[in-house]
2 protein chains.
Amino acid sequence: MAAEFGDYVRKCREKKRAQSADFSLRKLAQRVGIEPSYLSKVERGQESPPSEATISSLAKELDEDPDVLLALAGKVSSDLQKIIRKRPKLFAQLIREMKNMPNHAVVRVVREVRDGDW
Amino acid sequence: MAAEFGDYVRKCREKKRAQSADFSLRKLAQRVGIEPSYLSKVERGQESPPSEATISSLAKELDEDPDVLLALAGKVSSDLQKIIRKRPKLFAQLIREMKNMPNHAVVRVVREVRDGDW
DNA sequence: TGTAGTGTTTAGTATATACTACACATATGG
DNA sequence: CCATATGTGTAGTATATACTAAACACTACA
């Protein structure tokens, strides 16, 4: 249980809380649709991260990138998985080949894909 | 339970079996490390697909692409997930942008990534 | 005719996932 | 002082995952 997810969520929440009282553990939990005790344990890494749906809801409330939160939770968004599963060979090859590429190179590929007339 | 996974595995096994008697359900199950009854049910789609480890072992024995088998099982290889999770924003963007690209375009990107001097 | 091998049926299990429900302790403001 | 809100501790739950174990029925062949 890396607890990294919990730490991050707690930090985000406390940042939000500095500006709005709507971000107490209890209130956030309610909006997300889980019990406060559960959120408490999750934030302290005492429980493993919640489901994808709950993480997405959490991300939305906290104005965070769902993919990042999911990553911290050791997951990959199911919609991405679905895309990959439609062309497993191609995507597997592509992703594995990009594994060790430096960040700026990946950015360049992303841009090319976005702008190119594929 | 799409059963597509099971159907495919059974076909692969029967193809192999036409050439070698080592591909009876029982023998394959033994090499893979599961009970024959379980493999039987999986092949007929009566049970949901097995774990990633078991699928990989199955793929190896059947000379099939693990990524393809995993895809049929509704999964994405954990090593790919790990790569994505290291740079969730970049990969998420890239994959989503490639979602609707025609096959040949994806192939081209893969080639460029492989050959380019990124 | 029996025994070896085939796939299948039925019943059950251990572990993980994703939580809930309720009670408790502390602090804070009116 | 007490009502309210805060976070936390303890115990328990439903469902899914990933299987095992043992027995059954059929076929082949020696």
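Atom set for the values below is all heavy atoms of this structure, side chains included, hydrogens, waters and symmetry mates excluded.
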Q: Please name all residues satisfying side chain to side chain contact (heavy atoms under 4.5 Å, CB included) with B:Lys16, sequence neighbours left out, ordered by chain then number.
A: B:Phe23, B:Leu62, B:Asp63
Q | N or O in side chain of A:Thr54 less than 4.0 angstrom from C:dC19 OP1/OP2 | A | yes
Q.
Please identify the 5'-most and 3'-most nucleotides of DNA chain D with any atom under 4.0 angstrom from a heavy atom of chain A.
A. D:dT6 to D:dA11
Q) Which atom names give the shortest non-hydrogen contact between B:Met101 and B:Val106, and what distance separates them? A) CE-N, 3.8 Å
Q. Quick one: B:Phe23 CZ to C:dG7 C1', roughly how many Å, whole number?
A. 17 Å
Q: Tell me what A:Ser51 touches on the nucleic acid: a base, only sugar-phosphate, or nothing, going by heavy atoms under 4.0 Å.
A: sugar-phosphate
Q.
Main chain of A:Gly74, side chain of B:Arg85: is a donor-acceptor contact present, judged purely on distance under 3.5 Å?
A. yes
I'd like a table of atom pairs between the protein and nucleotides 20-30 of chain C - only N or O on both sides, under 3.5 Å - with the distance next to each one.
unit_1, atom_1, unit_2, atom_2, d
C:dT20, OP2, A:Glu35, N, 2.9
C:dT20, O4, A:Lys41, NZ, 3.2
C:dA21, N6, A:Ser37, OG, 3.0

Q. Okay, side chain of A:Arg10, backbone of A:Gly6: is any donor-acceptor separation there less than 3.5 Å?
A. no
Q. Do B:Met98 and A:Leu94 come within less than 4.5 Å of each other through their side chains, counting heavy atoms only?
A. yes
Q) Quick one: B:Glu43 CD to C:dG7 C1', roughly how many Å, whole number? A) 10 Å
**Q.** Counterpart residues, side chain to side chain contact (heavy atoms under 4.5 Å, CB included), relative to B:Glu52 (two or more places apart)
**A.** B:Ser56, B:Leu70, B:Ser77, B:Ser78
Q.
Restricting to side chain to side chain contact (heavy atoms under 4.5 Å, CB included), what partner residues turn up for A:Ala73, sequence neighbours left out?
A. A:Phe5, A:Pro49, A:Ile55, A:Lys75
Q: Tell me, please, which residues at least two apart from A:Glu61 pass salt bridge (charged side-chain N to carboxylate O under 4.0 Å, His left out).
A: A:Arg31
